[in-house]
Amino acid sequence: MDEFIAERRACQDTLWSTCHPLPGVRKLVEHLAKHKIPMAVATGSISRNYKLKAAHHPEIFDHFKNRAICGDDPRLKGCGKPRPDIFLLAAELLGRNVGEGDVSSLDTEGKEGRALIEERSRGLVLEDSINGLEAGQRAGMKSEWALRIAIVQHVDHFGRETAIWVPDERLRALAPGKTFGADCVLESLEQFRPEEWGLPPYDS
């Protein structure tokens, strides 16, 4: 197993520089940055691989200003997706007080619990995996299913909770018609309309 991992890593390292952002990613990130919408990356990739990938696309990743949580972050204590921890940590990086644990564990009757639920509901997750969608839902945030992109989390102006999904077409083929709880499914991030989620619209 160790030999396989080493060989895979060596192969990946030769390919990072050939990876290109998918359609719509750069436009969205630059648009959110222009309007000062808080963003963070929450990825299951280990930090080493994330840094190698990000280094080739500073025009995108520089906008996150090191606000990134990777799958090997010690603060996760091994609790990756579909646990909500990675999105809650990302929200903390944005200066939000969202508490800990599944949204279902929060006290809906108490003032503090209601405040945490409200704060979490202001997050929007763009996700490409089923585990990521579940993690976003368990965090109490909305999610869009998105095709092979970095996860972008923001706090919208209207405090709406949403889920958007742009799935890999191969995954869709295995479960046609299923949304896995996503509030929205997109075939491409080029279909993303910021104004539908309480964000400033793209310049016409």
Side-chain angles (χ1 to χ4, degrees), residues 28-29 31-33 35-45 63-146 149-167 178-186 189 191-201:
L28 174 58
V29 171
H31 176 73
L32 296 179
H35 291 280
K36 296 181 170 38
I37 304 299
M39 300 180 289
V41 174
T43 175
S45 294
H63 290 297
F64 292 95
K65 305 183 186 303
N66 296 318
R67 291 188 294 262
I69 303 291
C70 294
D72 58 348
D73 191 300
R75 291 171 293 180
L76 292 175
K77 300 176 182 177
C79 297
K81 303 171 187 177
R83 290 280 298 271
D85 305 55
I86 195 165
F87 289 124
L88 299 178
L89 278 173
E92 288 181 10
L93 286 183
L94 301 179
R96 318 308 298 189
N97 178 20
V98 292
E100 299 179 347
D102 280 49
V103 67
S104 61
S105 69
L106 299 177
D107 180 12
T108 58
E109 302 298 324
K111 183 178 180 180
E112 181 179 357
R114 291 197 304 271
L116 291 175
I117 291 171
E118 162 117 14
E119 187 66 11
R120 291 185 184 200
S121 74
R122 301 181 67 200
L124 172 63
V125 170
L126 302 184
E127 183 54 76
D128 70 335
S129 72
I130 295 173
N131 277 348
L133 282 174
E134 182 179 338
Q137 291 156 17
R138 290 172 65 177
M141 302 171 185
K142 296 225 170 186
S143 346
E144 289 200 13
W145 195 10
I149 61 164
I151 298 161
V152 182
Q153 178 178 332
H154 77 86
V155 178
D156 72 26
H157 301 302
F158 298 128
R160 294 191 297 186
E161 178 186 355
T162 313
I164 307 167
W165 192 19
V166 187
K178 281 198 171 185
T179 64
F180 298 97
D183 294 287
C184 178
V185 179
L186 302 178
L189 267 186
Q191 298 175 341
F192 182 77
R193 298 292 176 264
E195 64 274 17
E196 294 179 2
W197 311 103
L199 293 164

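Side-chain atoms are counted along with the backbone in the values below, which use heavy atoms only and exclude waters and symmetry mates.
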Rounded distance (nearest 0.5 Å) linking atom [atom1] of [X] with atom [atom2] of [Y]:
X    : Y    : atom1 : atom2 : value
L133 : D128 : CG    : CG    : 8.5 Å
K81  : I86  : NZ    : CD1   : 5.0 Å
E100 : L89  : CD    : CG    : 8.5 Å
L199 : L124 : CG    : CG    : 7.0 Å
L116 : D107 : CG    : CG    : 10.0 Å
L28  : L126 : CG    : CG    : 6.5 Å

Look only at the side chain of [X] and the backbone of [Y], and say whether a donor-acceptor pair between them is shorter than 3.5 Å.
X    : Y    : result
R114 : E109 : yes
D102 : S105 : no
H63  : H31  : no

Checklist entry - Would you call R96-E92 a salt bridge at under 4.0 Å N-O? => result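 Looking at R96 and E92, the cut-off is not met.
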Checklist entry - Which pair of non-hydrogen atoms, one from V98 and one from E119, has the smallest distance, and what is that distance? => result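 Result for this residue pair: CG1-CG, 3.9 Å.
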Checklist entry - Taking it one step at a time, do S129 and E127 satisfy side chain to side chain donor-acceptor pair (under 3.5 Å)? => result CA-CA 6 Å; S129 72; E127 183 54 76; 3.2 Å; yes
Is there a side-chain contact between [X] and [Y], using heavy atoms and a 4.5 Å cut-off?
X    : Y    : value
R67  : L94  : yes
L88  : M141 : yes
R138 : V103 : no
I69  : T43  : no
I37  : P200 : yes
V29  : M39  : yes
W197 : C184 : yes
F87  : R120 : no

Checklist entry - Got a sec, which residues hit side chain to side chain contact (heavy atoms under 4.5 Å, CB included) with D72, two or more places apart in sequence or on another chain? => result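 Checked D72 against side chain to side chain contact (heavy atoms under 4.5 Å, CB included); matches are I46, S47, C70.
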